[in-house]
Engineer: 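I have a structure I would like to understand better, so I am pasting it below and will then ask my questions one at a time.
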Amino acid sequence: MDEFTPERLSRLSGMLKRRGIILPAFEIHGGSAGLYDFGPVGGRLRSKVSQTWIEHWQSLGNIVEISCPTVTPYAVLEASGHVGEFSDFLTDCLACGEASRADHLIENNHPNAESFSKSQLEAYIDEMEPRCPACQACDWGPVKAENLMFNTKIGAGSSGRPGFLRPETAQGMFTSFTSIYRHFRERLPFGAVQIGKGYRNEISPRQGMIRLREFNMAELEYFIDPEVDTHHDFSKWDKPVTLISQDDGEISMTFGEAVSKGIIRHGTVGYFMAWTMDFLTKVGIQPEGLRFRQHRPDEMAHYAQDCWDAEILGSYGWIECVGIAHRGCYDLESHEKATGQRLRAWRTFDEPKVIETNGWTTDGAKAGPAFRALAGKVKEAVEELDSDSCFPITLELQGELLEILPEHVKRNQKTETIAGEWFIPHVVEPAFGIDRIIWHLLDHSYLETQKSGENYCLLTLPEEVAPVDVCVLPLYEKDGMGVLAETIHRDLCSKKGVFSIYDASGSIGRRYARADEIGVPWCITVDHDSLFDNMVTLRQRDTGQQRRVAISDLSF
RNA sequence: GCGGAUAUGGUGAAGUGGCUAUCACCUGAGGUUUCCAACCUCAUGUCGUGGGUUCGACUCCCGCUAUCCGCACCA
């Protein structure tokens, strides 16, 4: 990893744009902050990183991939808490029309005004009578939520109903819970992953690819039974990692140790932190530029119980690129409350519970007419009575004395066997900002060196994510070398998962340099001898080493 | 959103109230060349955007948009 400097950052950004990896979107129309294109080289980089991510998590064995719409009805995000939590509260000055942030108006009186609810804010504004910063009047309209989600309308005209572009992919996994639960034969634990676009109408996108208005997210929702002790094997991760814990500050420790000491509060969170580290290093993040930081309670999202961020060091400092949150039962419970649908899993007891009932209940046919409106209350009261109660008996209900006669009641004796119970699974969610990870793997892979006294730069991308797998280069495009090279190139492109570039312009050294700059791991050079012996030169990017290989033995 | 700076070919820069706007690299064509940005010839391509001042604006002024740096915000 080179040292991160502003000069290096601008050279890297220039290269990414010039070579078609990452570039500002819609630039011919003046561009738009927070929106970026992956260009002709970056497009495949993104899809390879995405695919690597999916396969990485699927290798756990109990993970499925789903895909949900980005356009999301209002009710879904209201239930999830985003409509309420994901907003700034504004109020209009009725005198001059200027909108102000409600919490800012009263922040001199209340240091934590931003955590107030809408009605609290209205009450305090009434009480404090803050003046309008623009016109000094004190005549405020109602407080309204200005949401940071992109608004839209689903359907046309008056039949359209309000919706949003999703701010995270997670909600789709929760609303699909029953389908995923059935798929896994109703057996926990299991997870669903989804990779796709998310949208946040950021007030001010900054720092290039770091804060975007439309971005690629990859999330796993992993559903667990909170009463089952999790046992994960951490022996594979025997090297210490940098953890910044809420209580102990920066420490260096293995994942297994941090879990067993309770620094990481849940085994599955720790296991996914380790799994996350493996993914990040696989796609080209340098381990020395990676650390995990635990959220303080006041920065935790509205749904989280414990949360660790994976932070990556790059040109913009330490940036959070992954959040691994224990969301508890928050999400499923919220959607269950909002819809009345059961979003639960069934837990069979080790021993069925036997509940014996031995007491009294009312005889509806007699008690109903006798007590009329109070019949329901009478039934409840009678079922509370001891089994050895004698009738008639007098009960006081809502100020009335009622005499319960033997004919109003009957014995209630039964034995019920309860085999298990429904419960709301807990969720552990690793959420990845794919764009931020792509930025950092480029930042970590970008190497500026010297070659025969000249500046030389290359991307040392792992083959796993390199956007171009191989370049095919005829030494010269004559005597049939070009034709042979083109044949090899097309054969490679037709193979599953292989992408080749044919390049015949410029000297061979220039073409190697071009390939290195975008991180092509291998170059194949066709020379005069190739025409006779069917051998080509295979050149490795990082070492420059070359060896002769038979065309039929190329391992792509 | 606030304050400051900036905006010239694909990239990086120079420059002027008036002449065909300059340079390097890159890109393309041809030549040359038997494996790491070689060389020669030629070619393509630029003043962010809208308005104003002016006989004339890339240059001066204003708005907008975008970018960068602080502040604020950040699930």
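Below, chain A is the first sequence line, B the second, and so on; all start at residue 1. Please read all numbers here as calculations on a predicted model, not as lab measurements. What you see below is based on every heavy atom in this structure, not just the backbone, and it leaves out hydrogens, waters and symmetry mates.
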Engineer: Regarding A/Gly31, tell me which of base, sugar-phosphate or nothing describes its non-hydrogen contacts under 4.0 Å with the strands shown.
Structural biologist: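 Sugar-phosphate: the residue A/Gly31, judged by heavy atoms under 4.0 Å, touches backbone atoms but no base.
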
Engineer: Provide the Watson-Crick or G-U wobble partner of B/rU53, both distances under 3.5 Å; none if there is no partner.
Structural biologist: none

Engineer: Say whether, by atom type as modelled, one donor and one acceptor occur between the side chain of A/His444 and the main chain of A/Leu313 under 3.5 angstrom.
Structural biologist: yes

Engineer: When the distance from CZ of A/Arg511 to C1' of B/rC35 is rounded to whole Å, what number comes out?
Structural biologist: 9 Å

Engineer: Between A/Thr537 and B/rC35, is there a contact of a side-chain N or O with OP1 or OP2 at under 4.0 Å?
Structural biologist: no

Engineer: Starting the side chain at C-beta, find the nucleotide from B/rC36, B/rU33, B/rC26 nearest to A/Tyr476.
Structural biologist: B/rU33

Engineer: Counting only Watson-Crick pairs (N1-N3 plus N6-O4 or O6-N4) and G-U wobbles (N1-O2, O6-N3), all under 3.5 Å, who is the partner of B/rU59?
Structural biologist: none

Engineer: Across all strands, who's sitting opposite B/rG17 as a Watson-Crick or G-U wobble pair, both distances under 3.5 Å?
Structural biologist: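 Paired with no nucleotide.
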
Engineer: Return the nearest nucleotide to the side chain of A/Tyr512; candidates are B/rC26, B/rC35, B/rC74.
Structural biologist: B/rC35

Engineer: With C1' as the reference atom in both, quote the distance from B/rA14 to B/rU8 in angstrom, rounded to an integer.
Structural biologist: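 Rounded to whole Å, the distance is 10 Å.
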
Engineer: Measure CZ/A/Arg548 against P/B/rU34 and give the value in whole Å, please.
Structural biologist: 16 Å

Engineer: Can you tell me the Watson-Crick or wobble partner of B/rU46, both distances under 3.5 angstrom?
Structural biologist: none

Engineer: Between the side-chain atoms of A/Arg200 and the base atoms of B/rC74, is any donor-acceptor pair under 3.5 Å?
Structural biologist: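 Counting by modelled atom types and ignoring angles, no donor-acceptor contact under 3.5 Å is found here.
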
Engineer: Using the C1' atom as the reference point in each nucleotide, state the distance between B/rC60 and B/rA43 in Å, no decimals.
Structural biologist: 37 Å

Engineer: Detail all sub-3.5 Å separations between protein N/O atoms and N/O atoms belonging to nucleotides 8-12 of chain B.
Structural biologist:
residue: B/rU11; atom: OP1; partner: A/Lys17; partner atom: NZ; Å: 2.8

Engineer: Does either side chain, that of A/Ser530 or that of A/Asp527, offer a donor lying less than 3.5 Å from an acceptor on the other one?
Structural biologist: yes

Engineer: The side chain of A/Gln546 lies closest to which of these nucleotides: B/rC35, B/rU27, B/rC73?
Structural biologist: B/rC35

Engineer: Between A/Tyr330 and A/Ser80, is there a donor-acceptor pair closer than 3.5 Å when you use the side chain of the first and the backbone of the second?
Structural biologist: yes

Engineer: In whole Å, what separates the P atom of B/rG51 from that of B/rG56?
Structural biologist: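 After rounding to an integer number of Å, I get 15 Å for this pair.
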
Engineer: Is A/Asn534 reaching over with its side chain to a backbone N or O of A/Ala550, donor-acceptor style, under 3.5 angstrom?
Structural biologist: no

Engineer: Base, sugar-phosphate, or nothing for A/Gly208, non-hydrogen atoms under 4.0 angstrom?
Structural biologist: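 Sugar-phosphate only.
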
Engineer: How far, in whole Å, is B/rG28 from B/rA38 if one measures between their P atoms?
Structural biologist: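 One P to the other, the span is 13 Å.
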
Engineer: Answer yes or no: is there a donor N or O on one side and an acceptor on the other, between the side chain of A/Arg511 and the main chain of A/Asp503, under 3.5 Å?
Structural biologist: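 Pair found, side chain donor or acceptor close to backbone of A/Asp503.
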
Engineer: For B/rG3, which nucleotide in any strand shown is its Watson-Crick or wobble partner with both distances under 3.5 Å?
Structural biologist: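 Pairing partner, where one exists within any strand: B/rC69.
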
Engineer: How close or far is atom C1' of B/rC73 from atom CE of A/Met149, stated in whole angstroms?
Structural biologist: 17 Å

Engineer: Looking at A/Trp275, is its backbone amide N or carbonyl O close enough to the side chain of A/His56 to form a donor-acceptor pair, meaning the two atoms are under 3.5 Å apart?
Structural biologist: yes

Engineer: B/rU34 P sits how many Å from A/Asp479 CG, rounded?
Structural biologist: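 The distance from CG of A/Asp479 to P of B/rU34 comes to 11 Å, rounded to the nearest Å.
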
Engineer: Measure from the side-chain heavy atoms of A/Ala33 and tell me the nearest of B/rA66, B/rC36, B/rA37.
Structural biologist: B/rA66

Engineer: Determine the interatomic distance between C1' on B/rG9 and the same-named atom on B/rU46; round to the nearest Å.
Structural biologist: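 Pairwise C1' distance, B/rG9 against B/rU46, rounds to 4 Å.
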
Engineer: Nearest heavy atom decides the nucleotide; on that basis, is A/Gln545 or A/Lys478 closer to the 5' end of RNA chain B?
Structural biologist: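 Nearest-nucleotide comparison on RNA chain B picks A/Lys478.
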
Engineer: Return yes if some donor-acceptor pair links the side-chain N/O of A/Glu336 with the main-chain N/O of A/Leu343 below 3.5 Å, else return no.
Structural biologist: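 Judged by distance alone, yes, a pair lies under 3.5 Å.
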
Engineer: With a 3.5 angstrom cut-off on both distances, give the Watson-Crick or G-U wobble partner of B/rU32, or none if there isn't one.
Structural biologist: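 In the structure as shown, B/rU32 has no Watson-Crick or wobble partner.
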
Engineer: I'd like the C1' distance from B/rA37 over to B/rA24, given in whole Å.
Structural biologist: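 One C1' to the other, the span is 14 Å.
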
Engineer: State whether A/Ser505 places a side-chain N or O below 4.0 Å from either non-bridging phosphate oxygen (OP1 or OP2) of B/rG28.
Structural biologist: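 Affirmative; the distance criterion is met.
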
Engineer: Closer to the 5' end of RNA chain B via nearest nucleotide, is it A/Gly509 or A/Tyr316?
Structural biologist: A/Gly509

Engineer: Tell me the interatomic distance from A/Glu477, atom CD, to B/rG30, atom C1', rounded to whole angstroms.
Structural biologist: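 Those two atoms, CD and C1', are 13 Å apart.
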
Engineer: Taking any heavy-atom pair under 4.0 Å as a contact, classify A/Arg539: base, sugar-phosphate, or nothing.
Structural biologist: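 The answer is base, as A/Arg539 lies within the cut-off (heavy atoms under 4.0 Å) of a base atom.
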
Engineer: Taking A/Arg539 for its side chain and A/Gln546 for its backbone only, find out whether a donor-acceptor pair lies under 3.5 Å.
Structural biologist: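 A pair under 3.5 Å: no.
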
Engineer: Mind checking the P distance from B/rU67 to B/rU34? Whole angstroms is fine.
Structural biologist: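 One P to the other, the span is 50 Å.
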
Engineer: Checking only heavy atoms, does the side chain of A/Arg514 share a donor-acceptor pair with the base of B/rC26 at less than 3.5 Å?
Structural biologist: no

Engineer: Starting at CG of A/Asn455 and ending at P of B/rC26, how long is that distance when rounded to a whole Å?
Structural biologist: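 Spelled out: CG on A/Asn455 to P on B/rC26 is 13 Å.
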
Engineer: So which nucleotide does B/rG12 pair with, by the Watson-Crick or G-U wobble rule with both distances under 3.5 Å?
Structural biologist: B/rC23

Engineer: Using 30° and 60° as the class limits, which term best fits the ring planes of A/Tyr502 and A/His489: parallel, tilted or perpendicular?
Structural biologist: tilted

Engineer: Is it true that a side-chain atom of A/Arg46 and a backbone atom of A/Ile438 form a donor plus acceptor pair closer than 3.5 Å?
Structural biologist: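 Answer holds: no.
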
Engineer: Rounded to whole angstroms, how far apart are CE on A/Met209 and P on B/rA66?
Structural biologist: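 So the two atoms are 18 Å apart, to the nearest Å.
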
Engineer: Give none if B/rA38 has no partner; otherwise give the nucleotide forming a Watson-Crick or G-U wobble pair with it, both distances under 3.5 Å.
Structural biologist: none

Engineer: Expressed in angstrom and rounded to an integer, what is the separation of A/Glu454 atom CD from B/rA38 atom P?
Structural biologist: 8 Å

Engineer: Which listed nucleotide (B/rC73, B/rA38, B/rC35) is nearest to the side chain of A/Arg211?
Structural biologist: B/rC73

Engineer: Taking the P atom in each of B/rU6 and B/rC74, what is the distance between them to the nearest angstrom?
Structural biologist: 31 Å

Engineer: Take atom NZ in A/Lys197; do more than 12 heavy atoms of anything else shown fall under 6.0 Å from it?
Structural biologist: yes

